[in-house]
Amino acid sequence: MNGSSDIERLVLSSRRLPTAFSGLRILHLSDLHIIRWTRRLERWREALSALRIDLMVITGDIGHRSWHWKASLDGVVRLVSDIAAPLGKFFILGNHDALELGPALHDRGLIPLMNASYILRKGANEMALVGLAQHKRIDTDIPAALAEVPPATFKLMLMHYPDLIHAAAAAEIDICLAGHTHGGQICYPDGSPIIRHDVLPNYMCTGVHKVASTWLVVNRGIGKAGLRVRMFCPPHAIVLKLQTGEDGIELAPEQAPGRLSN
């Protein structure tokens with residue numbers, strides 16, 4: 001499923017989701033590629049801060065070019081500081097991020113998940129938020145990330161590279177949130193990517209897909225890399241509502257057409 005709205009609202013149903021977490025709203029951001037503050041980012045800040053969510057996650061490429069991480073830091077914090085996320089704001093790094101950005105964001109209240117997990121609890125119900133270290137592909141360690149997670153626990157994984165979906169499916173992850181591809185960033189008029197930046201088929205460059213019993217949600221991101229332009233590939237943030245029920249994905253009833261101005 002592909003959307004043209006800058007903020008896409010989806011409902012994902014899973015039979016394995018504990019009923020206590022049915023209705024959980026997750027803001028999924030990715031590929032911000034922030035260097036300096038702009039009017040475009042201010043419009044994003046206003047739109048994101050108006051959302052009603054429970055949890056915020058960022059799946060990498062928070063800054064743009066690792067040597068610019070200090071210049072990126074204030075803009076990233078400014079973008080997300082007014083977002084109300086009662087269950088926390090979590091992130092992983094991507095291939096454009098400096099390792100130093102992780103501790104700096106942690107000092108400002110965001111929670112890093114680098115080959116680590118965080119257990120969300122509601123009463124006797126648990127759900128695991130699992131993050132992979134994705135600064136480089138060789139950093140990824142799925143067994144380490146799952147070391148503290150009971151096997152039967154519902155698992156939502158943050159990863160930068162979507163083409164790790166097969167390894168995640170083998171580890172019986174329920175939902176994977178990813179970025180990296182920018183949806184192609186520069187696409188043909190039908191939205192198909194010219195360059196996809198991973199080894200998955202073109203149609204998996206953005207949108208929601210299922211591999212074995214694992215859902216994959218690929219975020220187009222709100223930033224740009226390489227050529228600082230998008231074509232037939234609008235920027236993207238996702239509000240994902242989870243609910244208990246027969247496995248399926250659909251647009252949320254409140255999904256509204258239209259886009260933010262770039």
Trace of the side chain to side chain contact (heavy atoms under 4.5 Å, CB included) decision for Ile26 with Val57
CA-CA 7 Å; Ile26 303 166; Val57 300; 4.1 Å; yes

Donor-acceptor contact present, side-chain Ser81 to main-chain Val77, <3.5 Å
yes

Going by heavy atoms in the side chains, are Ile119 and Leu129 under 4.5 Å from each other?
no

State, yes or no, whether a side-chain contact exists between Leu164 and Pro162 at a heavy-atom distance under 4.5 Å.
no

Do Asn95 and His180 get their side chains close enough for a donor-acceptor pair, meaning under 3.5 Å?
yes

Nearest atoms (heavy-atom pairs only) where Asp97 meets Gly63:
OD1-N, 2.8 Å

Between Ser30 (side chain only) and Thr59 (backbone N and O only), is there a donor and an acceptor less than 3.5 Å apart?
yes

Let me see the working for Thr214 and Leu216 under side chain to side chain contact (heavy atoms under 4.5 Å, CB included), right down to the final yes or no.
CA-CA 7 Å; Thr214 301; Leu216 171 66; 5.9 Å; no

Is atom NZ of Lys70 surrounded by more than 12 heavy atoms (other residues, nucleotides or ligands) closer than 6.0 Å?
no

Nearest heavy-atom approach of Cys187 to Gly184 is SG-CA, 4.1 Å

Considering all heavy atoms of both residues, which atom of Thr181 and which atom of Cys205 are nearest to each other, and what is their separation?
OG1-O, 2.6 Å

So, do Val208 and Trp215 sit near enough that their side-chain heavy atoms are less than 4.5 Å apart?
yes

Go through Ser117 and Glu148 one step at a time and tell me if the side-chain hydrogen bond (donor to acceptor under 3.5 Å, both in side chains) criterion holds.
CA-CA 7 Å; Ser117 62; Glu148 304 295 326; over 6 Å; no

Please tabulate, for the side chains in residues 99-112, all donor-acceptor contacts under 3.5 angstrom to protein atoms that are two or more places apart in sequence or on a different chain.
{"unit_1": "Arg108", "atom_1": "NH1", "unit_2": "Ala104", "atom_2": "O", "d": "3.0"}

Consider only side-chain heavy atoms of I, L, V, M, F, W and Y, link residues closer than 4.5 Å, and tell whether Ile35 and Leu41 are in one cluster.
no

Ion pair check, Asp247 and Arg16, cut-off under 4.0 Å
no

Validation row, ring centre His197 to ring centre Tyr161 under 6.0 Å
no

For the hydrophobic clusters of this structure (ILVMFWY residues joined by side-chain heavy atoms under 4.5 Å, transitively), does one cluster hold both Ile194 and Met231?
yes

Would you check if there is a donor-acceptor pair between the side chains of His182 and His236 at a distance under 3.5 Å?
no

Are the side chain of Lys89 and the backbone N or O of Ile83 linked by a donor-acceptor pair below 3.5 Å?
yes

Going through the checks in order, is the salt bridge (charged side-chain N to carboxylate O under 4.0 Å, His left out) test met by Asp31 and Lys224?
CA-CA 8 Å; Asp31 298 87; Lys224 313 174 189 75; over 6 Å; no

Apply salt bridge (charged side-chain N to carboxylate O under 4.0 Å, His left out) to residues Lys155 and Asp174 and explain how you reach the verdict.
CA-CA 5 Å; Lys155 305 172 190 70; Asp174 293 283; 5.1 Å; no

Would Glu246 and Ser13 satisfy side-chain hydrogen bond (donor to acceptor under 3.5 Å, both in side chains), going step by step from the backbone distance to the final call?
CA-CA 6 Å; Glu246 291 299 311; Ser13 300; over 6 Å; no

Might you confirm whether atom NZ of Lys136 has over 12 heavy atoms from other residues, nucleotides or ligands at distances under 6.0 Å?
no

Would you say that Leu156 contacts Met127 through its side chain, given a criterion of any heavy-atom pair below 4.5 Å between the two side chains?
yes

Without swapping roles, check the side chain of Asp54 against the backbone of Arg25 for a donor-acceptor pair under 3.5 Å.
yes

Value rounded to 0.5 Å, distance of OG1 in Thr153 from CG in Leu120
11.0 Å

Determine whether the side chains of Glu172 and Ser213 contain a donor N or O and an acceptor N or O closer than 3.5 Å.
no

Say whether, by atom type as modelled, one donor and one acceptor occur between the side chain of Glu8 and the main chain of Ile238 under 3.5 angstrom.
no

Please, which pairs that meet ring-ring contact (aromatic ring centres under 6.0 Å, His included) have at least one residue in residues 127-157, sequence neighbours excluded?
none

Please check this pair: side chain of Gln243 against backbone of Leu12, looking for a donor-acceptor N/O pair closer than 3.5 Å.
no

Taking a hydrophobic cluster as the set of Ile, Leu, Val, Met, Phe, Trp and Tyr residues connected by side-chain heavy atoms closer than 4.5 Å, whether directly or through intermediates, do Leu87 and Ile175 fall within one such cluster?
yes

Strictly by modelled atom types, are His64 and Ser72 linked by a side-chain donor-acceptor pair under 3.5 Å?
no

Nearest heavy-atom approach of Ala171 to Leu146 is CB-CD1, 3.9 Å

What closest approach, in Å, do Gly183 and Pro193 show between heavy atoms, and which atom pair accounts for it?
O-CB, 4.0 Å

The test is side chain to side chain contact (heavy atoms under 4.5 Å, CB included); show your working for Leu27 and Leu48 and say whether it passes.
CA-CA 9 Å; Leu27 171 60; Leu48 296 175; 4.1 Å; yes

For Ile62 and Ile92: C-alpha separation, side-chain torsions, deciding distance, then whether side chain to side chain contact (heavy atoms under 4.5 Å, CB included) applies.
CA-CA 9 Å; Ile62 299 169; Ile92 63 171; over 6 Å; no

With Ile222 as partner, the option from Leu32, Ile34, Asp6 fulfilling side-chain contact (heavy atoms from CB on, under 4.5 Å) is Leu32

Does any part of the side chain of Pro235, heavy atoms only, come nearer than 4.5 Å to the side chain of Arg230, both counted from C-beta?
yes

Sub-4.5 Å side-chain heavy-atom contact between Met56 and Phe90
no

Could you go through Glu42 and Arg45, starting from their C-alpha distance and side-chain angles, then the distance that decides it, and tell me whether this counts as salt bridge (charged side-chain N to carboxylate O under 4.0 Å, His left out)?
CA-CA 5 Å; Glu42 179 61 25; Arg45 186 197 66 77; 2.8 Å; yes

Can you find a heavy atom in the side chain of Phe21 that is under 4.5 Å from one in the side chain of Leu242?
no

Do the side chains of Ser192 and Tyr203 get nearer than 4.5 Å, heavy atoms only?
no

For Asp163 and Arg137, what are the C-alpha separation, side-chain angles and deciding distance, and is it a salt bridge (charged side-chain N to carboxylate O under 4.0 Å, His left out)?
CA-CA 11 Å; Asp163 54 12; Arg137 289 180 182 267; 2.8 Å; yes

Count I, L, V, M, F, W, Y as connected when their side-chain heavy atoms are under 4.5 Å apart, and connections chain through other members. Are Leu29 and Ile7 then in the same cluster?
yes

Taking side-chain contact (heavy atoms from CB on, under 4.5 Å) as the criterion, tell me which of Met159, His160, Met114 meets it with Leu132.
Met159

Can you name the closest pair of heavy atoms from Leu51 and Arg9 and give their distance?
CD2-NH2, 3.3 Å

Quick one: do Val229 and Phe232 end up in the same hydrophobic cluster if we chain Ile, Leu, Val, Met, Phe, Trp and Tyr together by side-chain heavy atoms under 4.5 Å apart?
yes

